[in-house]
Amino acid sequence: MIKITFPDGAVREYNSGVTALDIARSISEGLARKVLAANVNGQVWDATRPITTDATLTLLTWTDKDGKSTFWHSSAHLMAEAVEVIFPGAKFWVGPAIDTGGFYYDMDLGGRQITEDDLRQLEAKMAELAKKNAVYQRKEISKAEAISYFAEKGDEYKLDLLEKLEDGQITFYTQGNFTDLCRGPHIPNTGLIKAMRLTNIAGAYWKGDERNKMLTRVYGVTFPAQKELDEYLLMLEEAKKRDHRKLGKELGIFTFDEQVGPGLPLWMPNGTVIIEELERLAKKTEEQAGYKRVVTPNIAKESLYITSGHLPYYQDSMFPPMELEGEKYYLKSMNCPHHHKIFAAEPKSYKDLPYRLAEYGTCYRYEQSGELFGLMRVRCLHMNDAHIYCTKAQFYDEFRAVNEMYLKYFKIFGIDKYVMRFSVHAPSKLGIKYIDEPELWKETEDLVRDVLIRTNTPYIEVPDEAAFYGPKIDVQIWSTIGREFTLATNQVDFAQGKRFKLEFTNKDNHAETPLIIHRAPLGTHERFIGFLLEHYAGKFPVWLAPLQVKILPITDKSLEYAQSLLVSLKNADIRVEVDDRSEKIGKKIRDTELAKVPYMLVIGEKEMADNKVAVRRQGKGDLGVKGIEEFIAEIKKEIIERTSNP
RNA sequence: GCCGUUGUAGCUCAGGGGUAGAGCACUUCCUUGGUAAGGAAGAGGUCGUGAGUUCAAUUCUCAUCAACGGCUCCA
């Protein structure tokens, strides 16, 4: 007998060799039908794998993250089985579950192309195979046997995988007519997969290396019930409606033009209002935090970027230089070197530090054409940039203050889902990807970690993602499309100070090099507004809304009254327009609702007689009648306090 | 940059070897209507661009540009 400990602490005895599925069945048949896998002593196992020692056990179902990923990974195998039927001779690389939902399988179809129609055919085949209730069978196998199996099959990709594996760690999983080299685990049988959708076809480099052959990747998603697939598809539809590219066009925020160039957004009047409101917020915040504003040119001579160290590391991401009078000029892809030159322009004493320079800097980066994505990845960007020059003793307070500024902003925008990524260097890439100063890397990484730990900031540490000049903290956020983006960045730089020979005179009258903090809490206008469009689904809070109030006269008898209201509101610095078309009020309301204008003032003969306005809030409906002064006072409060949407 | 898909009116889309269509938007007129679409008429397109095949190309072929889905990349 073995002892099984359940999550609630209960302990029950079972015969050795019992499976998680048996245990579930001993509790209830209903539970047994839902079990997808099990967590046995901290490892995710097949629910059908015999347990032979005392163990802690958690049964995993669709509601568990590991249950879902087991389900999806098993679905990848099911898809592969269908692929083998429809594309005989297909060779397989890997087919994992993906965090954001679903799975993919990378395959070599021997030069054959796969089409949307093929996907529908594959789905049908998967459904047919699933109905057979085929059991996923696990088998431990020797390396020699495994090699001979795939050698015979002619699958060089699996043979490549086998090279790194040794006897004792190789398992095969078989369901129906499909056998795969796989670590597992898998769900008990294919019958659990009730609904499936192959979502798209893509190319993917073998092993993720662009020098390698491109394999065919098919993405899919499956569910234990048709209803859940329907809900998933509905959610995708909703996400599409929130896509910043769609909203940006509908709301007149930005546009692209072929003649201007890819990745070069044109900010339209409505978008420009948002830019200016964001800048107003940033400038006030930064002024209060002791920053000084500067303005620098968009181009500089080559030597500046040689000194900064950017050219050797990032030349590929810069627009090619303009050459005139024997001199090369580059469009700036970062503001730092320019700021360093401002620091260097006047001698500095320790009394001048911390010295904080801020600029909404325009930068140009030559992102590869395939990387461009709406406003999220562009070639011309406006960065909420600043550089803080400080002593090591000041570093803690300065770095902490920057992190606190992030949090202050996130509160204003209601951003509650984010992760701080602490990116550190990789010692093996010193001198290649990173400045070759091992002691300084250690020292600055320790300084940053110290801030994070002492301020109780949750973070994850990621190796080999630092900037070339020092460690950094990136703030990751998720758009409604499910993509992950770096919104803000806070970086330490121990390298450029030296390279630019930046110095201050310390208390002992010696020259000392300052530490530099690069920070951009609001990221770039492009990415931030792209994010906000999706975050608010285009319904901006009043302080950011391009048009804050629309006055809707019911008939043209109240046009004159509308004009007088317009003047009052404009005098109160409210962004307002009158809809003076000869349309019915229902039509005017509909159009204004769709334009996502926060407030509508409906006025007719009644309001005119009482000198009042009927207030309607976008998405909320009629709020009743009030005096114009009362309305102005309320909306001004909402604007000044930068209130989030109710 | 790589693999794949797409490109028709301002927008969303239909069509198809014999030089084009809908809805919305737009213009004009009628309508003055109380909280999500009043009516009529009109204007608008070298069917992304360039070349080829053909008596004839927007439709077929090739190239190119751009967008989209991924991969790679992201100071």
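Computed from a predicted structure; not experimentally measured. No hydrogens, no waters, no symmetry mates; every other heavy atom, side chains included, goes into these values. Sequence lines set the chain letters: A, B, ... in the order given, protein chains first and strands last, and positions in each chain run from 1.
Comparing C74(B), A75(B), G70(B) by their nearest atom to the side chain of K472(A) picks out A75(B). Across C2(B), G34(B), U72(B), the shortest atom-to-atom separation from the side chain of M214(A) is found for C2(B). Distance from the side chain of Q368(A) is smallest for C73(B) among the nucleotides C73(B), A36(B), A75(B).
Q315(A) comes within 4.0 angstrom of no nucleic acid atom, judged by non-hydrogen atoms across all strands. At a threshold of 4.0 angstrom between heavy atoms, the contacts of E250(A) with the nucleic acid are absent. Across all strands, S317(A) comes closer than 4.0 Å to base atoms (heavy-atom distances). Y469(A) comes within 4.0 angstrom of sugar-phosphate atoms only, judged by non-hydrogen atoms across all strands, and of no base. Within the nucleic acid shown, Y205(A) comes within 4.0 Å of at least one base atom, counting heavy atoms only. Among the heavy atoms of the strands lying under 4.0 Å from N200(A) are primed sugar atoms or P, OP1, OP2 only; no base atom is included. Counting non-hydrogen atoms under 4.0 angstrom, G208(A) reaches the backbone sugars and phosphates but no base. Using a 4.0 Å heavy-atom cutoff across all strands shown, R217(A) reaches sugar-phosphate atoms only and no base atom. When heavy atoms are screened at a 4.0 angstrom cut-off, A202(A) is found touching base atoms of the nucleic acid.
Nucleotides C55(B) and G15(B) place their P atoms 29 Å apart, quoted to the nearest Å. For the P atom pair drawn from U61(B) and C73(B), the interatomic distance equals 35 Å after rounding to whole Å. Taking atom P on both nucleotides, G34(B) is separated from U46(B) by 44 Å, rounded to a whole Å. Nucleotides A56(B) and C60(B) are separated by 13 Å at their C1' atoms, to the nearest Å. Straight-line distance between the C1' atoms of A14(B) and U6(B): roughly 16 Å, to the nearest whole Å. When the P atom is used for both C62(B) and U53(B), the distance is 15 Å, rounded to whole Å. Annotation: C13(B) and C47(B) have their C1' atoms spaced 13 Å apart (nearest Å). Using atom P as the reference point in both G44(B) and U28(B), the two lie 16 Å apart (nearest Å).
In summary, the aromatic rings of F468(A) and H310(A) are positioned with their centroids under 6.0 Å apart. F92(A) has its ring centre less than 6.0 Å from the ring centre of Y105(A). Taking the six-membered ring for Trp, Y330(A) and Y364(A) have ring centres at least 6.0 Å apart. Between H382(A) and Y360(A), the ring centre distance reaches or exceeds 6.0 Å. In summary, the aromatic rings of H340(A) and Y389(A) are positioned with their centroids under 6.0 Å apart. Y219(A) has its ring centre less than 6.0 Å from the ring centre of Y104(A).
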Are T296(A) and E359(A) close enough, and set up right, to give a side chain to side chain donor-acceptor pair (under 3.5 Å), and what steps lead you there? CA-CA 8 Å; T296(A) 63; E359(A) 173 178 20; 3.0 Å; yes
Could you go through the salt bridge (Lys or Arg N to Asp or Glu O under 4.0 Å) check for D106(A) and R217(A) one step at a time? CA-CA 4 Å; D106(A) 282 351; R217(A) 174 174 295 182; 2.6 Å; yes
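A stacked arrangement is not assigned to Y219(A) and the six-membered base ring of G70(B), the conditions of a centre distance below 5.5 Å and an interplanar angle below 30° not being jointly met.
Interface remark: the R377(A) side chain does form a donor-acceptor pair with the C73(B) base, using a distance-only criterion of under 3.5 Å. Between the base of G4(B) and the side chain of E116(A) there is no donor-acceptor pair shorter than 3.5 Å.
Residue N335(A) forms a side chain to side chain donor-acceptor pair (under 3.5 Å) with just one option from K332(A), H338(A), H339(A), and that option is K332(A). Partner of D243(A) under the salt bridge (charged side-chain N to carboxylate O under 4.0 Å, His left out) criterion, out of R245(A), K241(A), K240(A), K246(A): R245(A) alone.
Scanning residues 578-590 of chain A for heavy-atom distances under 4.0 Å to RNA chain B yields S582(A), E583(A), K584(A), I585(A), G586(A), K587(A), I589(A), R590(A). Across residues 330-344 of chain A, S333(A), M334(A) each have a non-hydrogen atom less than 4.0 Å from an atom of RNA chain B (numbered order).
For T555(A), the side-chain hydrogen bond (donor to acceptor under 3.5 Å, both in side chains) test picks out no residue, with sequence neighbours left out.
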If you write RNA chain B from 5' to 3' in dot-bracket form, with Watson-Crick or G-U pairs under 3.5 Å, [ ] for crossing pairs and | for pairs with another strand, what do you get? (((((((..((((....[..)))).(((((.......))))).....(((((..]....))))))))))))....
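A straight line from CZ of F373(A) to C1' of C71(B) spans 15 Å, rounded to a whole angstrom. Rounded to an integer number of Å, the gap from CD of E371(A) to C1' of G1(B) is 8 Å. The distance from atom CD of E210(A) to atom P of C74(B) is 10 Å, rounded to the nearest whole Å. Across the protein-nucleic acid pair, D591(A) atom CG and U35(B) atom P stand 16 Å apart, rounded to whole Å. In this structure, CG of D257(A) is placed 17 Å from P of G48(B), rounded to the nearest angstrom. At whole-Å resolution of the value, CD in Q491(A) and P in C74(B) are 13 Å apart. Distance CD1 (I98(A)) to P (C71(B)): 9 Å, rounded to an integer number of Å. In this structure, CZ of F256(A) is placed 13 Å from C1' of C68(B), rounded to the nearest angstrom.
The two atoms that bring K596(A) and A537(A) nearest to each other are CE-O, 3.3 Å, heavy atoms only.
Looking at which nucleotide of RNA chain B each of G263(A) and D622(A) is closest to, the 5′-most match is held by D622(A). Remark on RNA chain B: of its neighbouring residues H518(A) and G261(A), the 5'-side contact belongs to G261(A), judged by nearest-heavy-atom nucleotide.
Note that CZ of R365(A) is 15.0 Å distant from CD of Q368(A), once rounded to the nearest 0.5 Å.
Checking the phosphate oxygens (OP1, OP2) of C74(B), no side-chain nitrogen or oxygen of R379(A) falls inside 4.0 Å.
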Set out, line by line, the N/O atom pairs under 3.5 Å between protein and nucleotides 7-16 of chain B.
none

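Comment: K612(A) does not engage E607(A) in a salt bridge, judged by the lack of any side-chain N to carboxylate O separation of less than 4.0 angstrom.
E634(A) has its side chain out of reach of V615(A): every pair of non-hydrogen atoms, C-beta onward, lies at least 4.5 Å apart.
Contacts classified as salt bridge (charged side-chain N to carboxylate O under 4.0 Å, His left out) and involving residues 464-478 of chain A (residues at least two apart or in different chains) are given here: R421(A)-E465(A), K429(A)-D464(A), K433(A)-D464(A), K472(A)-D474(A).
Ring orientation note: the planes of F254(A) and F256(A) are nearly perpendicular, at an angle over 60° on the 30°/60° scale.
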